[in-house]
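Some notes on the structure that comes next.
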Amino acid sequence: MSAWRLVEEGSAPPQPRTERTRTGGRRMLVVAAVVLLTLVGAGGLAAARTGMFAERPDGCARPDRTIQLYAVELPKDGTQVRLGYGLTPQTASYPGPLMEMTEGECLAITLHNQVPEATLAALRTSPTHPLGVSLHVHGVKYTQDSDGTVQSGSYVPSGGSRTYTWYAQPRNNRTGTPGTAGYWWYHDHVVGGPHGTQGLSSGLFGGLVVRRAGDPKPDRTYTVAFGDRQSINLRRGEATDTCTEVNPQPGPTCLVARKGERVEFVVVGIGNDMHTFHLHGHSWADTRTGVVSNGQPFADQVPIIDNKTLGPGDSFGAQVTAGDSVGPGHWMLHCHMQFHSDAGMSTMLHVLDENGNMPPGMDHEHGAAGAAPAAAAADAGAHQHD
């Protein structure tokens with residue numbers, strides 16, 4: 001029943017409209033409008049959480065899983081403040097941890113804000129902007145209670161915590177609902193200003209994969225964010241690749257796999273620039289999963305690509321078999337806008353042999369990766385190695 005309906009159907013017959021009843025009706029409408037405006041003005045729509053906005057989206061009766069996520073301040077990158085998400089405060093990074101869901105699943109994520117208030121105050125662009133961090137997600141379903149914006153009041157002040165609920169809505173052929181399977185991302189939407197620009201540029205972002213039952217599972221997944229100032233995961237030049245010749249540790253700055261492993265990339269565009277994502281020696285199907293299932297009659301209609309355009313806010317996924325037909329090696333991954341790669345927007349996928357040994361050429365590879373113009377190389381030196 002509508003909240004504006006004052007007389008239920010089937011009750012006493014309506015009385016003649018008099019000046020008194022008209023005045024009373026107007027008064028009730030005015031009171032309702034004042035209440036709504038007060039709720040919006042006093043901390044956003046989330047103040048009306050009880051009754052007005054649901055905690056969980058339709059289809060999510062209760063969470064299937066819960067995750068604890070922490071927003072923390074990391075060591076500065078030169079003079080640049082760095083923030084990160086982590087499953088523990090000690091493992092926070094940029095990009096943040098990969099989130100994985102299966103269609104039909106409901107996930108509750110409790111975000112704990114451990115970023116000092118003074119740091120958030122230094123990043124904000126207006127002295128009246130609220131201080132806090134948030135969690136905003138692309139692709140999956142959520143209510144305004146989990147939007148992660150100032151306007152909805154769904155952010156977390158320093159020292160506080162808040163639970164966000166995501167629902168990986170499945171495909172429904174009867175209703176035409178397309179489902180949510182695919183490659184997405186999450187990020188802050190509050191730090192610095194109402195669009196979280198300073199939160200993004202400081203490191204508060206990460207990848208999300210929603211799978212369907214039967215989707216091919218990778219051996220390794222890397223989130224790769226192409227951003228402003230010709231950066232990969234907020235780094236340039238030699239700082240994009242910190243792999244060592246012996247026992248390289250996979251992570252945001254060390255993309256490594258053994259020959260034959262299935263490697264998945266969650267590719268995200270952040271900031272303001274257009275880019276292209278290009279991987280040497282490997283190609284993938286331009287589909288939702290990055291692969292073509294065996295025996296599909298439409299296989300010949302699916303483009304096979306090794307270069308894809310990426311705009312701000314875009315995300316896509318690619319799955320490749322490391323070294324397939326090309327063998328171990330140091331395979332360049334970079335933006336194919338030439339002045340971007342010249343400025344240091346380039347790294348490597350290191351494909352080890354079957355025994356886990358790094359192929360020769362590390363010294364040459366690192367020299368090539370750092371071969372940027374002098375100004376760019378000097379600037380890249382300020383980027384921290386994780």
Side-chain angles (χ1 to χ4, degrees), residues 39-40 42-57 60-75 81-101 105-124 129-168 184-200 202-208 223:
L39 288 169
V40 173
L45 297 174
R49 172 183 293 184
T50 304
M52 186 174 291
F53 295 115
E55 264 187 72
R56 295 184 289 273
C60 174
R62 47 180 255 177
D64 299 292
R65 283 191 298 135
T66 60
I67 288 179
Q68 305 299 312
L69 188 67
Y70 298 82
V72 305
E73 183 171 8
L74 299 172
V81 170
R82 287 290 180 234
L83 310 176
Y85 293 117
L87 298 179
T88 66
Q90 295 76 25
T91 57
S93 61
Y94 54 97
L98 177 73
M99 300 291 184
E100 296 186 79
M101 300 181 69
E105 185 180 24
C106 191
L107 179 63
I109 304 173
T110 300
L111 177 63
H112 306 274
N113 180 6
Q114 296 188 358
V115 180
E117 193 171 85
T119 299
L120 297 175
L123 289 171
R124 66 180 172 183
H129 182 71
L131 298 177
V133 301
S134 77
L135 192 62
H136 173 75
V137 67
H138 291 222
V140 295
K141 302 298 182 180
Y142 51 88
T143 69
Q144 275 214 290
D145 224 25
S146 295
D147 194 22
T149 61
V150 170
Q151 291 80 0
S152 62
S154 51
Y155 60 91
V156 189
S158 292
S161 58
R162 181 187 186 88
T163 299
Y164 297 83
T165 304
W166 300 349
Y167 176 50
W184 309 101
W185 64 302
Y186 63 90
H187 59 90
D188 170 77
H189 216 297
V190 171
V191 174
H195 303 292
T197 302
Q198 283 67 35
L200 266 173
S202 296
L204 289 177
F205 59 87
L208 165 67
T223 300

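- The heavy-atom pair separating L131 from E117 by the smallest distance is CD1-CG, 3.4 Å.
- Between H189 and H136, the ring planes lie perpendicular to each other; the angle is over 60°, past the 30° to 60° tilted range.
- Here the side chains of M99 and V137 are not in contact, with every heavy-atom distance at 4.5 Å or above.
- With a 4.5 Å cut-off on side-chain heavy atoms, L208 and H138 do not count as touching.
- Across V191 and G132, no two heavy atoms sit closer than the pair CG2-O, 3.4 Å.
- The nearest pair of heavy atoms linking G153 to R162 is O-NH1, 3.8 Å.
- Each of T110, I109, V156 was checked for a side chain to side chain contact (heavy atoms under 4.5 Å, CB included) with L135, and the lone residue meeting it is I109.
- At least one donor-acceptor pair closer than 3.5 Å links the side chain of S146 to the backbone N or O of T165.
- Around atom CD of Q68, more than 12 heavy atoms belonging to other residues, nucleotides or ligands sit under 6.0 Å away.
- Looking at D145 and S154, their side chains never come closer than 4.5 Å, going by heavy atoms from C-beta outward.
- H129 is listed as a side-chain neighbour of V190, based on a closest heavy-atom distance under 4.5 Å.
- Between the D64 side chain and the C106 main chain, a donor and an acceptor come within less than 3.5 Å of each other.
- Shown here for V133 and A71, the closest heavy-atom pair between the two residues is CG2-CB, 4.0 Å.
- Residue S161 holds its OG atom at 11.5 Å from CG of L69, rounded to the nearest 0.5 Å.
- When atom types are taken as modelled, the side chain of N113 and the backbone of G160 share no donor-acceptor pair closer than 3.5 angstrom.
- Separating the OG1 atom in T163 from the CD atom in E55 is a distance of 8.5 Å, to the nearest 0.5 Å.
- Panel note: side chain S134, backbone Y155; no donor-acceptor pair is recorded below 3.5 Å.
- Closest heavy-atom contact between P57 and Y167: CG-CB, 3.5 Å.
- To the nearest 0.5 Å, atoms CG (L74) and OG (S202) are separated by 10.0 Å.
- Expressed to the nearest 0.5 Å, how far OG1 of T223 lies from OH of Y186 amounts to 7.5 Å.
- Between L107 and R65 the shortest side-chain heavy-atom distance falls below 4.5 Å.
- A pairwise comparison of heavy atoms in M101 and V140 identifies SD-CG1, 4.4 Å as the closest pair.
- In this structure, the side chains of L120 and S158 come closer than 4.5 Å at one or more pairs of heavy atoms.
- Here the side chain of Y85 pairs a donor or acceptor atom with the backbone of D188 at under 3.5 angstrom.
- Side-chain contact check for Y164 versus Y142: every heavy-atom pair is 4.5 Å or farther apart.
- For the pair H187/L204, no side-chain contact is recorded, criterion being any heavy-atom separation below 4.5 Å from C-beta on.
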